[in-house]
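This report concerns only the one structure given below.
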Amino acid sequence: MPKLKTHSGAAKRFKKTAGGKIKRGHAFTRHILTSKPSKRKRHLDTATLVDKADAPKIKRMIPY
């Protein structure tokens with residue numbers, strides 16, 4: 001079977017965990033931050049896991 005190419009856009013946005021799950025960052029963290037509460041900004045800063053329904057598609061994009 002031939003090698004699979006990694007989707008470079010997905011590789012920049014997602015990382016695989018040791019257990020095979022997909023980690024992602026949050027949106028709404030780039031600008032217009034002065035109007036957002038500190039608690040919201042702090043929670044948006046932490047990474048979270050991709051939803052179970054979206055995981056198979058992303059796993060195909062980042063095979064390695």
Minimum heavy-atom distance between Lys41 and Lys36, given as atom pair plus value: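 Taking every non-hydrogen atom into account, CE-O, 3.4 Å.
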Quick one: closest heavy-atom pair of His26 and Leu44, and the distance?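 For His26 and Leu44, the tightest heavy-atom pair comes out as ND1-O, 3.1 Å.
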Within 6.0 Å of CZ in Arg24, more than 12 heavy atoms from elsewhere: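 Count over threshold, so yes.
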Out of curiosity, Thr48 OG1 to His43 NE2, how far, rounded to the nearest 0.5 Å?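 Taking OG1 in Thr48 and NE2 in His43, the distance rounds to 12.0 Å.
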Between CG of Leu49 and CZ of Phe14, what distance do you get to the nearest 0.5 Å?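 If we round to the nearest 0.5 Å, Leu49:CG and Phe14:CZ are 12.0 Å apart.
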Ignoring hydrogens and angles, tell me if any N or O in the side chain of Lys16 forms a donor-acceptor pair with the backbone of Lys23 under 3.5 Å.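 Checking the backbone N and O of Lys23 against the side chain of Lys16, no donor-acceptor pair under 3.5 Å is found.
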Donor-acceptor check, side chain of Lys15 to backbone of Ile22, threshold 3.5 angstrom: yes or no?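 Judged by distance alone, no pair lies under 3.5 Å.
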Please report, to 0.1 Å, the donor-acceptor pairs under 3.5 Å made by any side chain of residues 55-64, with sequence neighbours excluded.
from: Lys59; atom 1: NZ; to: Gly20; atom 2: O; distance (Å): 3.3
from: Tyr64; atom 1: OH; to: Leu4; atom 2: N; distance (Å): 3.1

